[in-house]
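Inspection log for the structure reproduced underneath, given as structure tokens.
All heavy atoms count here, side chains included; hydrogens, waters and symmetry mates do not.
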Amino acid sequence: MSITAEEFEALMPDGTQVESESIEMESPLQYLQLALLVSCLDWLWKERTDYFIGANLSIYFSRQQLKNREFRGPDFFLVKNTSKSPRKSWVVWEEDGKYPDLIIELISELTAETDKTTKKNLYQNQFRTSEYFWFSPDNLELMGFKLVGHKYQEIIPNATGLLESEVLGLFLGIYQEKLRYFTPEGDLIPTPEEAALAAQNRTQGLA
């Protein structure tokens, strides 16, 4: 017997009080990389309020999964066309059924197999997330996938080795051993600190 979205939501627990599971990241490199991804995009989109970034935040999408607490959230995810207000976790049935539009996993030797198989299949088949990237801060492995029909297809690097993200309207690539955002023209998106320094140099006539 099928039920409506409203009936399904009524069956679910109150997601507003669901806390994100506390997950320790595996290395300082992962902490630094995650902070870089968040701060650069927040700086670039500082005038926007129609998106949410989840950083090491749990995603809850079914009553059974919530009960079992069997799934840890992605390292980084982006949801567009939503409010920027803080959340304790991302609870799909409290968010009009929205799943992430883009996910980035920071992989390691311990997590690589799960990130490349189990999680990839979950993001493809259950979440229907438009784009999925993984990056290893240790060996600099970077791959990206976009959802075409019902399957992920690998995103082929452009001539300069950058991967296009249609969700972001940007490119992803490696700069000084870090995963960074680039404009469609290939220019590096700065960190807030880099942007402030560039502005100071322009004021002083140094650039």
Summary of ring-ring contact (aromatic ring centres under 6.0 Å, His included) pairs that have at least one residue in [range], sequence neighbours excluded:
range            : value
residues 95-121  : Tyr99-Phe127
residues 37-56   : Trp45-Tyr51, Phe52-Trp90
residues 129-161 : Tyr123-Tyr132, Tyr132-Trp134, Trp134-Phe145

Partner set under side chain to side chain donor-acceptor pair (under 3.5 Å) for [X], not counting sequence neighbours:
X      : answer
Lys116 : Glu141
Asp115 : Thr111
Thr82  : Arg87

Considering all heavy atoms of both residues, which atom of Thr191 and which atom of Glu194 are nearest to each other, and what is their separation? N-OE1, 2.8 Å
Inspect the surroundings of [atom1] in [X] and state if more than 12 heavy atoms from other residues, nucleotides or ligands are less than 6.0 Å away.
X      : atom1 : answer
Glu113 : CD    : no
Lys46  : NZ    : yes
Glu177 : CD    : no

To the nearest 0.5 Å, tell me how far [X] [atom1] sits from [Y] [atom2].
X      : Y      : atom1 : atom2 : answer
Lys120 : Gln124 : NZ    : CD    : 5.5 Å
Leu102 : Ile53  : CG    : CD1   : 10.0 Å
Leu34  : Asn56  : CG    : CG    : 6.5 Å
Cys40  : Lys178 : SG    : NZ    : 11.5 Å
Gln30  : Glu105 : CD    : CD    : 9.5 Å
Asp75  : Ile103 : CG    : CD1   : 10.0 Å

Indicate yes or no for a side-chain donor-acceptor contact from Gln153 to the backbone of Leu147 under 3.5 Å, with no hydrogens or angles considered. no
Taking the side chain from Arg180 and the backbone from Leu172, do they hold a donor-acceptor pair closer than 3.5 Å? no
Should Thr129 and Asp101 be marked as a side-chain contact (heavy atoms from CB on, under 4.5 Å) after you check the CA-CA gap, both sets of side-chain angles, and the distance that decides it? CA-CA 5 Å; Thr129 292; Asp101 295 292; 5.8 Å; no
What class does the angle between the rings of Tyr175 and Phe182 fall in, given that below 30° is parallel, 30 to 60° is tilted and above 60° is perpendicular? perpendicular
Which residues pass the side chain to side chain contact (heavy atoms under 4.5 Å, CB included) test with [X], sequence neighbours left out?
X      : value
Thr114 : Thr118, Lys119
Asp187 : Thr183, Glu185
Ala35  : none
Leu29  : Ser27, Pro137, Asp138

Are Phe76 and Pro74 side-chain neighbours, meaning at least one heavy-atom pair lies under 4.5 Å? no
Do Ser136 and Leu106 have side chains that get closer than 4.5 Å, going by heavy atoms? no
Once salt bridge (Lys or Arg N to Asp or Glu O under 4.0 Å) is applied, do any residues pair with Lys84, and if so which ones, sequence neighbours excluded? Asp42
Before accepting this row, confirm whether a basic side-chain N of the pair Lys98/Asp96 lies closer than 4.0 Å to the acidic partner's carboxylate O. no
Given Leu44 and Tyr181, is the side-chain contact (heavy atoms from CB on, under 4.5 Å) satisfied, shown in steps? CA-CA 10 Å; Leu44 182 66; Tyr181 306 109; 5.9 Å; no
Do Leu32 and Leu36 belong together in a cluster built from hydrophobic side chains that touch within less than 4.5 Å? no
Does Leu140 share a hydrophobic cluster with Leu179, counting links as ILVMFWY side-chain heavy atoms below 4.5 Å and allowing steps through other members? yes
Using atom types as modelled, flag every donor-acceptor pair under 3.5 Å from a side chain in residues 159-171 to any protein atom, sequence neighbours excluded.
| unit_1 | atom_1 | unit_2 | atom_2 | d |
| --- | --- | --- | --- | --- |
| Thr160 | OG1 | Asn158 | OD1 | 2.9 |
| Ser165 | OG | Glu131 | OE1 | 2.6 |
| Ser165 | OG | Leu168 | N | 3.1 |

